A.B. asks: 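Mind looking over this structure? Questions follow.
Atom set for the values below is all heavy atoms of this structure, side chains included, hydrogens, waters and symmetry mates excluded. The structure presented is a predicted model; accordingly, all values stated were derived computationally and were not measured.
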Amino acid sequence: MLPQLFISLGIFLLLFAITALVIFLLLYFFPSTKNLLPEAWEQWFSFRFVSYYFLVSVVLIFIGLP
């Protein structure tokens, strides 16, 4: 049961990482959209954090594989 939990958390985090990547690309290519997000949220959608999200999601998926 625990491996399925890791896989499902990894997939959930992977979907969040893809969403964060889309927001990062939107903020990168269209700087005027930075006004739509609160200032404290900008670091959570930076390239560094998006790469961390992908890394953690892949690690969780690989831990859950039999």
Side-chain angles (χ1 to χ4, degrees):
M1 176 160 165
L2 196 59
Q4 290 92 4
L5 178 67
F6 283 135
I7 291 175
S8 62
L9 285 175
I11 290 173
F12 177 74
L13 193 59
L14 185 66
L15 292 174
F16 177 74
I18 291 171
T19 304
L21 178 67
V22 169
I23 293 172
F24 164 73
L25 290 174
L26 183 72
L27 293 174
Y28 183 76
F29 287 115
F30 302 105
S32 62
T33 58
K34 287 187 179 183
N35 298 333
L36 300 175
L37 287 178
E39 216 173 281
W41 288 15
E42 287 182 15
Q43 77 173 11
W44 295 102
F45 296 111
S46 66
F47 183 70
R48 184 179 68 174
F49 277 85
V50 169
S51 62
Y52 291 157
Y53 300 148
F54 276 112
L55 178 68
V56 171
S57 67
V58 168
V59 167
L60 283 174
I61 290 172
F62 279 133
I63 287 174
L65 290 178

A.B. asks: Same cluster or not: F16 versus L5, using hydrophobic residues (I, L, V, M, F, W, Y) connected whenever any side-chain heavy atoms lie under 4.5 Å apart?
C.D. replies: yes
A.B. asks: Quick check for you: to the nearest 0.5 Å, what is the distance between L13 atom CG and S8 atom OG?
C.D. replies: 11.0 Å
A.B. asks: Do V59 and L65 sit in one hydrophobic cluster, given that two such residues count as connected whenever their side-chain heavy atoms are within less than 4.5 Å of each other, even indirectly?
C.D. replies: no
A.B. asks: Can you hop from F54 to F47 via hydrophobic side chains spaced under 4.5 Å?
C.D. replies: yes
A.B. asks: Considering residues at least two apart in sequence or located in another chain, which fulfil the ring-ring contact (aromatic ring centres under 6.0 Å, His included) criterion with W44?
C.D. replies: F49
A.B. asks: F62: which residues meet the ring-ring contact (aromatic ring centres under 6.0 Å, His included) condition with it, sequence neighbours left out?
C.D. replies: none
A.B. asks: Listed by chain and number, what are the ring-ring contact (aromatic ring centres under 6.0 Å, His included) partners of F45, not counting sequence neighbours?
C.D. replies: none
A.B. asks: Identify whether L9 and L14 are in the same connected component of the hydrophobic contact network (ILVMFWY, side-chain heavy atoms under 4.5 Å).
C.D. replies: no
A.B. asks: Using every non-hydrogen atom in the two residues, find where Y53 and A17 come nearest and quote the distance to one decimal.
C.D. replies: CB-CB, 3.6 Å
A.B. asks: How long is the span from the CG atom in L36 to the CG atom in L26, to the nearest 0.5 Å?
C.D. replies: 8.0 Å
A.B. asks: What is the minimum heavy-atom distance between S57 and G10, and which atoms define it?
C.D. replies: CB-O, 3.4 Å
A.B. asks: Count the heavy atoms of every other residue, nucleotide or ligand shown that sit under 6.0 Å from CD of Q4, and state whether that count exceeds 12.
C.D. replies: yes
A.B. asks: Between I61 and I7, which heavy-atom pair has the shortest distance, and what is it?
C.D. replies: O-CG1, 4.1 Å
A.B. asks: In Å and rounded to the nearest 0.5 Å, what is the CD1 to CH2 distance from I23 to W41?
C.D. replies: 8.5 Å
A.B. asks: Hey, quick one: are F24 and I18 part of the same hydrophobic cluster, counting side-chain heavy atoms closer than 4.5 Å, chains of contacts allowed?
C.D. replies: yes
